[in-house]
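Report on one structure; see the data block that follows.
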Amino acid sequence: MRVSEYFLPTLRNDPAEAEIVSHRLMLRAGMIRQESAGIYSWLPLGFRVLKKIEQIVREEQDRIGAHEILMPTIQSADLWRKSGRYDDYGKEMLRIQDRHERDMLFGPTNEEMITDIFAEHAKSYKDAPLAMYHIQWKFRDEVRPRYGVMRGREFLMKDAYTFDLDAESGRHAYNKQFIAYLRTYARMGLTAIPMAADTGPIGGDLSHEFIILAATGESKVWCDQALLDFDLTNADVDLGDRAAVQGLIDQLTAPYAATDEQHDQDAFESAVPEERRVAEKGIEVGHIFFFGDKYSKPLDAYLDTKDGARVPVQMGSYGVGVSRLAGAIIEASHDEAGIIWPEAVAPFKAALINLRQGDDGCDAVCEDLYTKLQAAGVEAIYDDRDERAGVKFSDMDLIGAPWQIIVGPKGVKAGIVELKRRADGERDELSAEAALAKLSA
RNA sequence: CGGGGUGUGGCGCAGUCUGGUAGCGCAUCUGCUUUGGGAGCAGAGGGUCGUUGGUUCGAAUCCAGCCGCCCCGACCA
């Protein structure tokens with residue numbers, strides 16, 4: 001992408017309304033624009049990141065056998081009256097009427113709808129187990145939206161739902177999601193800690209939330225360092241083997257982990273040796289629930305068993321705040337100059353900086369490199385604007401591509417370019433070919 | 001929902017107390033000079049001062065209502 005042809009409205013000053021760092025940086029980097037309280041447009045740069053995050057979430061859901069669907073944002077009130085949540089949900093639910101004065105709502109979540117979908121077609125034990133998910137915009141009319149996309153009213157969420165014949169099988173579905181969640185966050189360069197959680201208004205008896213560590217996080221967390229050291233991406237477990245999966249879950253839930261509400265300092269100190277005690281702040285980026293027949297009974301989702309009985313399907317639901325993650329990742333990874341994207345979610349892997357636009361030598365090297373980067377499949381943003389070096393450095397640091405290739409007149413004469421790693425500022429001087437080879441590797 | 005703040009060109013702000021017809025920095029456009037960390041000079045364009053009503057010869061400024069947005073708390077992906 002050429003910056004000269006892109007829509008990248010970076011800001012030099014912090015917008016007054018943005019308090020926390022991710023909100024400030026997202027606005028300054030031209031990722032989002034606020035439309036009203038808690039509602040944002042995603043501009044080209046931000047949208048690229050959102051899509052990257054979404055894709056990782058999608059791949060990990062697919063990997064555990066969940067099927068992607070897409071349900072509407074607008075739902076009928078009748079469905080919610082059946083579950084009783086039309087009244088229970090309160091003012092957080094945005095209620096609307098269509099032209100026939102039928103009660104509708106902008107979905108805050110989709111348990112009712114998907115249960116209804118499942119119930120219509122699934123009739124026997126042969127139809128379970130089943131897992132489906134969608135990635136769709138939700139609306140929750142928060143009392144106080146804040147912190148940019150971290151607590152928006154309209155937000156993008158992945159919500160998955162599992163359907164099983166019995167609780168044991170349901171537990172296995174829950175466990176697979178648990179593993180998928182940890183893998184999802186790990187792939188984004190995040191350390192996520194699973195915490196036993198309250199089930200809240202969704203109900204049920206088994207629930208975990210996933211918290212990523214960030215100094216600016218909202219909640220305090222205490223846990224055993226062992227949880228941070230555990231490398232799940234290397235844990236090669238057969239997802240079909242219930243006992244093996246349960247073993248892994250037991251291993252991941254055994255160490256101490258708690259947020260403010262449940263934290264018990266004495267228990268923490270007796271359970272965790274001093275050198276392994278972690279007390280930090282975090283951001284909730286996912287929440288999973290197993291709630292059995294809470295929705296299947298009222299919405300009439302029953303399955304015939306082999307021996308002719310009729311049982312309510314056992315369900316779980318699993319949410320990931322996709323748009324929130326964009327902010328959360330920035331909270332976890334930035335410096336004074338701007339965002340430092342983990343490679344997996346970076347809008348561009350490399351920023352090609354031409355320090356002397358219009359200089360024949362610099363232009364030639366940059367154009368050649370840009371073409372070759374594209375050919376090699378390296379997502380690059382080429383700052384080809386007629387701007388001073390300082391402006392380009394600042395903007396490219398701000399938008400946070402993991403790598404910068406800096407091409408200046410002196411280097412061009414000597415046959416070298418500079419490769420700078422955004423995270424730590426480390427620079428290498430090398431030939432353009434070598435830089436290309438390193439980035440394509 | 002309680003408490004506190006705020007609204008003035010795209011962004012950041014001054015002006016409001018003490019009423020006299022809108023200003024600064026950055027950004028934008030033009031020209032020249034510059035060119036490895038947000039350049040210099042010269043010129044130009046851009047604002048119903050959130051909104052409605054009131055007071056007044058005259059309102060960004062005073063008064064009243066409404067709206068938007070932000071922060072703190074209680075509540076949440």
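Of the candidate nucleotides B:rC75, B:rC71, B:rG36, B:rG36 has the atom lying nearest to any side-chain atom of A:F393. The side chain of A:E17 sits closest to B:rC70 out of B:rC70, B:rG36, B:rA74. Set against B:rA77, B:rC72, B:rG36, the side chain of A:R144 has B:rC72 as its closest nucleotide. The nucleotide whose nearest atom lies closest to any side-chain atom of A:K420 is, among B:rC1, B:rA77, B:rG37, B:rG37. Here the side chain of A:S394 is nearest to one of B:rG37, B:rC75, B:rU28, namely B:rG37. Each of B:rA77, B:rC11, B:rC71 was ranked by its minimum atom distance to the side chain of A:N13; first place goes to B:rC11. Picking from B:rG25, B:rC71, B:rA39 the nucleotide with the shortest atom distance to the side chain of A:R388 gives B:rA39. The listed nucleotides are B:rC69, B:rG37, B:rC11; the one nearest the side chain of A:R427 is B:rG37.
A:G319 comes within 4.0 angstrom of no nucleic acid atom, judged by non-hydrogen atoms across all strands. As judged by a 4.0 angstrom heavy-atom cut-off over every strand, A:S323 is placed among residues making no nucleic acid contact. Across all strands, A:G358 comes closer than 4.0 Å to no nucleic acid atom at all (heavy-atom distances). Within the 4.0 angstrom heavy-atom criterion, no nucleotide atom of any strand lies near A:Y318. Nucleic acid contact class of A:E209 (heavy atoms, under 4.0 Å, all strands): none. Residue contacts for A:K91: at a heavy-atom cut-off of 4.0 Å it reaches the sugar-phosphate backbone alone, with no base atom in range. At the heavy-atom level, A:D397 lies under 4.0 Å from base atoms of the strands shown. Residue-level contact check: A:D395 touches the bases, meaning some heavy atom is under 4.0 Å from a base atom.
Of the charged side-chain nitrogens involved, at least one lies within less than 4.0 Å of a carboxylate oxygen, so that A:R427 and A:E418 count as a salt-bridged pair. A salt bridge does not link A:K220 with A:D260: none of the charged nitrogens is closer than 4.0 Å to a carboxylate oxygen. In summary, A:K420 and A:D428 do not engage in a salt bridge, as defined by a charged side-chain N under 4.0 Å from a carboxylate O.
Pair check for B:rC13 finds B:rG23; Watson-Crick or G-U wobble, both atom distances under 3.5 Å. Using N1 to N3 plus N6-O4 or O6-N4 for Watson-Crick, or N1-O2 and O6-N3 for G-U wobble, each under 3.5 Å, B:rG7 pairs with B:rC67. In this structure, B:rA42 and B:rU30 make a Watson-Crick or G-U wobble pair, each of the two defining distances being under 3.5 angstrom. The partner of B:rA74 cannot be assigned: no Watson-Crick or G-U wobble pair with both contacts below 3.5 Å exists in any strand. Applying the Watson-Crick and G-U wobble criteria (two distances, each under 3.5 Å), B:rA59 pairs with nothing in any strand. With a cut-off of 3.5 Å on both pairing distances, B:rU18 has no Watson-Crick or G-U wobble partner at all.
In this structure, A:I53 atom CD1 and B:rA77 atom C1' are separated by 14 Å, rounded to whole Å. A:D363 places its CG atom 17 Å from the P atom of B:rU35, with the value rounded to the nearest Å. In this structure, A:M150 atom CE and B:rA77 atom P are separated by 14 Å, rounded to whole Å. What separates CZ of A:R146 from P of B:rG4 is a distance of 18 Å, to the nearest Å. The interatomic distance linking A:D14 (CG) with B:rG10 (C1') rounds to 16 Å, in whole Å. Taking atom CG on A:L11 and atom P on B:rU28, their separation rounds to 12 Å, with Å as the unit. Here B:rA39 presents its C1' atom at 13 Å from CZ of A:R356, a figure rounded to the nearest Å. Rounded to whole angstrom, the span from the CD1 atom of A:I288 across to the C1' atom of B:rA77 amounts to 13 Å.
Distances shorter than 4.0 Å separate none of the side-chain N or O atoms of A:Q357 from OP1 or OP2 on B:rU35. In terms of phosphate contacts, A:Y181 brings no side-chain nitrogen or oxygen within less than 4.0 Å of OP1 or OP2 of B:rA77.
In this structure, A:R81 forms a cation-pi arrangement with A:Y86, its terminal cationic atom sitting closer than 6.0 Å to the ring centre and no more than 45° off the ring axis. With A:F155 as the aromatic partner, A:R140 does not meet the cation-pi criteria of under 6.0 angstrom to the ring centre and within 45 degrees of the ring axis.
As rounded to the nearest Å, B:rG68 and B:rA27 have P atoms that lie 34 Å from one another. If you take atom P in B:rC63 and the same atom in B:rC17, they sit 9 Å apart, rounded to whole Å. B:rA14 sits 11 Å from B:rG25 when the C1' atoms are compared, rounded to a whole Å. Here the separation of B:rC24 from B:rC70, taken at their P atoms, is 30 Å to the nearest Å. Between B:rG47 and B:rG40, the distance separating the two P atoms is 26 Å to the nearest Å. Taking atom P in both B:rG4 and B:rG12, one finds a spacing of 25 Å when rounded to whole Å. Separation of the C1' atoms belonging to B:rG20 and B:rC62 is 14 Å when rounded to the nearest angstrom. Comparing B:rA60 with B:rA22, their C1' atoms sit 8 Å apart, to the nearest whole Å.
For A:R85 and A:Y295, the side-chain atoms include at least one donor-acceptor pair closer than 3.5 Å. With hydrogens and angles left out, the side-chain atoms of A:Y318 and A:T162 include a donor and acceptor closer than 3.5 Å.
Position along RNA chain B of the nearest nucleotide to A:Q404 versus A:A16 favours A:A16 as the more 5'-ward residue. Between A:P15 and A:V322, the residue anchored nearer the 5' end of RNA chain B, judged by the nucleotide with its closest heavy atom, is A:P15.
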**OP:** Run the numbers on A:T115 and A:Y161 for side-chain hydrogen bond (donor to acceptor under 3.5 Å, both in side chains), then give the verdict.
**Re:** CA-CA 9 Å; A:T115 305; A:Y161 304 88; over 6 Å; no

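A:H334 places no side-chain N or O within donor-acceptor distance of the main-chain N or O of A:L398, the cut-off being under 3.5 Å.
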